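Remarks on the structure that follows.
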Amino acid sequence: MNIAHLLLGSAREFRDLPALARGTATHLTYRELWRKVSVMSMHLRGRFGLARGDRVAFAMSNGVEAIEVMYAIWHAGLCAVPMNAKLHAREFAFILENSGARLCFVTPDLALTIAEAAKQAPDLKEIVDVTTRSYTFMEVGDPIALSEAEPTDLAWLFYTSGTTGRPKGAMLTHRNLLAMTLNYFADVDRPPPGGSIVHAAPISHGSGLWNFALLARGSVQVFPESGKYEVPETVELMNRWPDCSIFLAPTMVKRLIEHGSVSELKSEALRLITYGGAPMYVSDLKHALDLLGNKLVQIYGQGESPMTITHLSREMHADRKHPRWEQRLASAGRPDSCVAVRVVDEAGRSLGVDEVGEIIVKGDTVMAGYWNNAEATAKSLRDGWLWTGDVGAFDEEGLLTLKDRSKDMIISGGSNIYPREIEDVLNLHPAVAECSVVGRPHPEWGEEVVAFVVARDGRALAPAELDRLCLDNIARFKRPKDYKFVEALPKNNYGKILKTELRKLL
Ligand code: AMP
């Protein structure tokens, strides 16, 4: 079973429907894409001399070529190593060296950086810029047959975003990706043929992982010409292409709903926004539902179980009359169909309702391990269960509420304090644009709570006001002992706040 079978199926079923688009223009139909991929595959095996299981990396701004390259890699029985275009040169060098990639595709903006990084990657034999003849030549020649693959063959080395330490390569197999795709149809959505997905988020991550489900249903994959997430352009493309699905990180949803051009988004144009990858605050979520209607699904997953641990369905978002509506919105929803999810103590014993522990997951989407990292694999995979490093609790309805990464939890005077709870309260203040709460070592209490706050539009904010808000909403011992007002919060390339950096500032 090769995940590229999905494209073969769509080439047969949806032949002349658009498969890829650059901005508002169709780039290739399904039939054309299949042919191109089958010829590129011949070049990968022949001209570049790659053999089953070899790794092929790419460092590309979002563009149609990313999909061409990925399916050519799978067609040829190779393993893709997608790298986020915004990584630092040192991170590229690390991934190229660690994965042992033999070939790397680049967009011109990254050609120099990758050439430099390649000096530290002895296995890397060639770099192909997708705007040069070396790439266009890959269309020339005869197609070859789809390479067979075992379900356990590696398809995607997913390098974790590394909010702490070095990235690790989660080994995702063809089976993992297929299970994730079927789970989309079971728990997220089953779009009718002829829809679209706009890739506004990095293709190396969530948006790229969603490509399979939409491609299998004959949707066109649309790439903004800017190669980035710009709200007016995204809105224009959603209006242009039918029945649009989109994956956005919570900060991207916030930018959408706070941008003036959202008023131009036609309600029939948008099918679904899936959001996830980081917490979405309830106040933002309500605002999004008010503006966009019942078109949101939350997913909670991690590279090690891609896009699949729990989901909060469209129906739960919409059921405003439900007495637990707000608690539901603050949760990450129910376990996905394809996995078992437990909340456990350190010894792996299941905990009861509302008891907080580590979230562990088992199922067909769970990675095979970390590439060349037996130690990290042994820590994360125990008896087939993936220890996520996330902390949470199931409630009486079986909904999982995420607290924090275990390492972000603050222990003060022997009590566990979950930063997210305090952040949720601070976000209620209209002058708070963003905030993040961390622990600072304290000689007596172990740690004390400190909040970093970005004021909206440079407005003045007094600590006393925020203190009052906390006292009105949460236990006294949880309120920050210090507020640090900053211009911006440090974030990684996926827009996730780097608490490690904030702790260093203290
Ligand atoms: P990554 O492997 O880079 O996709 O990061 C996965 C991590 O992001 C998870 O382990 C969680 O800590 C966090 N995360 C993912 N989805 C959600 C969500 N819906 N709500 C809160 N945090 C999330």
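Numbering of ligands and ligand atoms starts at 1, following listing order. Not measured: the values here are computed from a predicted model.
- With hydrogens and angles left out, the side-chain atoms of Y370 and E375 include no donor and acceptor closer than 3.5 Å.
- In terms of polar-atom proximity, G276 is not counted as a contact of ligand 1, lacking any N or O under 3.5 Å from an N or O of the ligand.
- Put simply, no part of A332 is less than 4.0 Å from ligand 1, judged by heavy atoms.
- Using a 4.0 Å cutoff on heavy atoms, L312 does not count as a contact of ligand 1.
- For the residue pair D336/Y300, the side-chain donor-acceptor check at 3.5 Å is not satisfied.
- Close contacts between ligand 1 and G301 involve ligand atoms 6 (C), 9 (C), 15 (C), 16 (N) [criterion: under 4.0 Å to a heavy atom].
- D187 and S337 share a side-chain donor-acceptor pair at under 3.5 Å.
- Heavy atoms of M280 come nearer than 4.0 angstrom to ligand 1 in no pair at all.
- D408 pairs in a salt bridge (Lys or Arg N to Asp or Glu O under 4.0 Å) with only one of the listed residues (R503, K403, K499), which is R503.
- Checking only distances, G303 does come within under 3.5 Å of ligand 1, N or O to N or O.
- An N or O contact shorter than 3.5 Å links Q298 to ligand 1 by distance.
- Heavy-atom distances between D390 and ligand 1 reach below 4.0 Å in at least one pair.
- A donor-acceptor pair shorter than 3.5 Å can be found between the side chains of Y71 and N211.
- Atoms of ligand 1 lying under 4.0 Å from at least one heavy atom of L402, given by number and element, are 18 (C), 20 (N), 21 (C), 22 (N).
- One finds no salt bridge joining K321 and D319 here, because no Lys/Arg side-chain nitrogen approaches an Asp/Glu carboxylate oxygen to under 4.0 Å.
- Of the residues listed (K491, K254, R255), the one engaging E434 in a salt bridge (Lys or Arg N to Asp or Glu O under 4.0 Å) is K491, and it is the only one.
- Below 30°, between 30° and 60°, or above 60°: for F485 and Y483 the angle between ring planes is below 30°, a parallel geometry.
- Only the backbone of I299 comes within 4.0 Å of ligand 1, counting heavy atoms alone; no side-chain atom from C-beta on gets that close.
- Between H205 and ligand 1, at least one N/O pair is under 3.5 Å apart.
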